[in-house]
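Scroll down for the structure; my scribbles are underneath it.
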Amino acid sequence: MCGRYTQYATWDELVAYFDMIPTQAPNLKARYNVAPTQDAPVVRLGTSGRKLSSIRWSLVPSWSKEPRSKYNLINARLESASEKPSFRSAFKSRRCLVPADGWYEWKTEEDGKQPYYIQPEEERLFAFAGIWERWDGAEGAFDSFAILTTEALEPLQLIHHRMPVVITDRDRFGAWIDPETPQGDLHGLLDMSDITFKHVAVNRAVNNARHDAPDCIEPLVA
């Protein structure tokens with residue numbers, strides 16, 4: 001799964017990496033502990049190109065009667081997202097890229113749950129495959145997103161049995177967020193067999209969702 005992650009790339013780095021429209025830079029600060037229900041940046045396809053928007057991490061289906069989900073829909077299983085009522089419409093036509101530098105996962109150990117920081121071996125900046133939805137009701141309209149997950153690859157299975165879907169091949173970005181991409185082509189865009197991941201045990205300060213500082217990714221000293 002994916003319950004926390006980092007995004008500390010600068011605006012200029014994101015524009016270059018995701019080939020976005022270089023509009024006026026937003027107030028984008030480094031994030032070392034992005035948590036569910038917080039707003040976070042996503043890349044979507046606009047009428048004139050790729051744009052960065054800050055939206056809520058916890059998808060609320062458009063048909064929901066309330067501006068919140070009964071369940072905490074921060075992740076969507078890749079295996080069933082195209083069929084589940086909460087996700088199938090977004091999976092079909094509202095896909096996004098979620099910029100990240102790494103994510104956290106917790107492993108149960110003798111002295112409690114130990115957080116690990118996970119990243120692709122060769123890439124500092126990458127994208128999670130995401131889906132987004134718009135809710136519009138009496139309380140106003142807003143957008144929200146979920147991160148797709150799949151079975152964990154080795155050796156990450158030793159930490160957790162699920163992991164987020166990661167895209168490091170920039171040539172796949174355009175097809176993933178294009179609503180015209182045939183559904184049959186989508187799973188091929190998300191193949192991670194050529195990505196090697198690294199992980200390291202880190203400071204348990206990250207356990208506090210309100211703590212968002214560089215020490216969250218500091219490796220433990222043996």
Side-chain angles (χ1 to χ4, degrees), residues 1-7 14 18 31 33-46 50-106 118 125-137 139-153 156 160-168 172-179 181 183 185-192 209 212:
M1 62 176 294
C2 181
R4 307 277 183 81
Y5 68 94
T6 66
Q7 198 302 106
L14 292 177
F18 290 99
R31 304 285 301 280
N33 195 6
V34 182
T37 73
Q38 296 177 352
D39 285 355
V42 301
V43 178
R44 298 182 283 185
L45 184 63
R50 301 175 192 174
K51 293 184 177 181
L52 189 76
S53 306
S54 186
I55 65 178
R56 183 192 301 179
W57 181 20
S58 188
L59 188 143
V60 178
S62 61
W63 43 260
S64 175
K65 295 181 180 180
E66 302 291 335
R68 61 190 61 83
S69 175
K70 179 180 178 181
Y71 306 100
N72 194 17
L73 303 179
I74 63 171
N75 294 154
R77 294 174 69 96
L78 176 61
E79 299 89 340
S80 58
S82 62
E83 302 171 358
K84 293 288 185 180
S86 296
F87 304 127
R88 62 190 176 198
S89 179
F91 187 83
K92 180 179 180 180
S93 56
R94 285 179 294 280
R95 297 180 298 274
C96 62
L97 300 164
V98 183
D101 311 276
W103 76 95
Y104 301 99
E105 194 52 77
W106 281 258
I118 307 169
L125 184 59
F126 61 90
F128 295 129
I131 55 177
W132 67 277
E133 191 60 272
R134 173 162 294 171
W135 188 88
D136 194 351
E139 300 182 35
F142 66 90
D143 295 344
S144 57
F145 74 95
I147 294 172
L148 291 172
T149 66
T150 189
E151 292 185 4
L153 301 174
L156 303 184
H160 197 276
H161 67 285
R162 303 288 295 179
M163 67 176 289
V165 178
V166 170
I167 308 177
T168 58
R172 300 180 185 181
F173 288 170
W176 174 249
I177 62 177
D178 187 346
T181 299
Q183 294 288 291
D185 294 347
L186 295 178
H187 283 263
L189 297 172
L190 306 180
D191 177 53
M192 297 189 290
D212 190 348

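Here the side chains of Pro61 and Phe87 are not in contact, with every heavy-atom distance at 4.5 Å or above. Between Gln183 and Leu186 there is a side-chain heavy-atom pair separated by less than 4.5 Å. Between Arg4 and Val34 there is no side-chain heavy-atom pair separated by less than 4.5 Å. Counting only heavy atoms from C-beta outward, the side chains of Pro67 and Val60 never approach each other to under 4.5 Å. At a threshold of 4.5 Å between non-hydrogen side-chain atoms, the residues Arg95 and Leu148 do not count as touching. Using a 4.5 Å heavy-atom threshold, the side chains of Arg172 and Asp191 count as touching. Residues Met163 and Ile118 form no side-chain contact, since every pair of their non-hydrogen atoms from C-beta on lies 4.5 Å or further apart. When side chains are defined from C-beta on, Ser144 does not count as touching Trp135, because their heavy atoms never get closer than 4.5 Å.
Annotation: salt bridge (charged side-chain N to carboxylate O under 4.0 Å, His left out) contacts of Glu133 (sequence neighbours excluded): Arg94. For Thr149, the side-chain hydrogen bond (donor to acceptor under 3.5 Å, both in side chains) partners at least two apart in sequence or on another chain are Arg162.
Looking at Asn75, its side chain does come within 3.5 Å of a backbone N or O of Cys2 through a donor-acceptor pair. Checking side-chain atoms of Arg134 against main-chain N and O of Ser62 turns up no donor-acceptor pair under 3.5 Å.
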* Going through the distances and angles, do Leu156 and Glu105 end up as a side-chain contact (heavy atoms from CB on, under 4.5 Å)? -> CA-CA 9 Å; Leu156 303 184; Glu105 194 52 77; over 6 Å; no
Check against side-chain contact (heavy atoms from CB on, under 4.5 Å), Ile147 and Ile74
CA-CA 6 Å; Ile147 294 172; Ile74 63 171; over 6 Å; no
Determine, step by step, whether Ile177 and Leu97 satisfy the side-chain contact (heavy atoms from CB on, under 4.5 Å) criterion, reporting the C-alpha distance in whole Å, the side-chain angles of both residues, the deciding distance to 0.1 Å, and the verdict.
-> CA-CA 7 Å; Ile177 62 177; Leu97 300 164; 3.7 Å; yes
key: Verdict with supporting geometry, Phe18 and Leu52, side-chain contact (heavy atoms from CB on, under 4.5 Å)   = CA-CA 9 Å; Phe18 290 99; Leu52 189 76; over 6 Å; no
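The minimum heavy-atom distance linking Arg88 with Pro85 is given by the pair NE-CA, 3.9 Å. Of all heavy-atom pairs spanning Gln7 and Pro41, the tightest one is NE2-CG, 4.1 Å. Contact record, Val166 with Met192: N-SD, 3.2 Å, taken as the closest heavy-atom pair. Summarising the geometry of Thr37 relative to Arg56, their closest heavy-atom pair is O-CG, 3.6 Å, with the distance given to 0.1 Å. Of all the heavy atoms in Pro99 and Val42, the pair that sits closest is CD-CA, 4.0 Å. When all heavy atoms of Arg31 and Asp39 are compared, the closest pair comes out as NH1-O, 3.2 Å.
Relative orientation of the Trp176 and Phe91 rings is perpendicular, given thresholds of 30° and 60° on the angle between their planes. The aromatic rings of Trp106 and Tyr104 sit tilted relative to each other, their planes meeting at an angle between 30° and 60°.
Atom OG of Ser86 and atom CD of Glu83 lie 13.0 Å apart (nearest 0.5 Å). A distance of 4.5 Å separates CG in Leu78 from NE2 in His187, rounded to the nearest 0.5 Å. Taken to the nearest 0.5 Å, the CH2 atom of Trp132 stands 8.5 Å off from the SG atom of Cys96. Going from atom CG of Leu125 over to atom CG of Asp101 covers 6.0 Å, rounded to the nearest 0.5 Å. With rounding to the nearest 0.5 Å, the separation of CG in Leu190 from OG1 in Thr150 is 9.0 Å.
Other residues, nucleotides and ligands contribute only 12 or fewer heavy atoms inside 6.0 Å of the CD atom of Glu151.
The cationic atom of Arg50 (NZ for Lys, CZ for Arg) does not lie both less than 6.0 Å from the six-membered ring centre of Phe173 and within 45° of the ring axis.
The ring of Phe128 has its center no closer than 6.0 angstrom to the ring center of Trp57.
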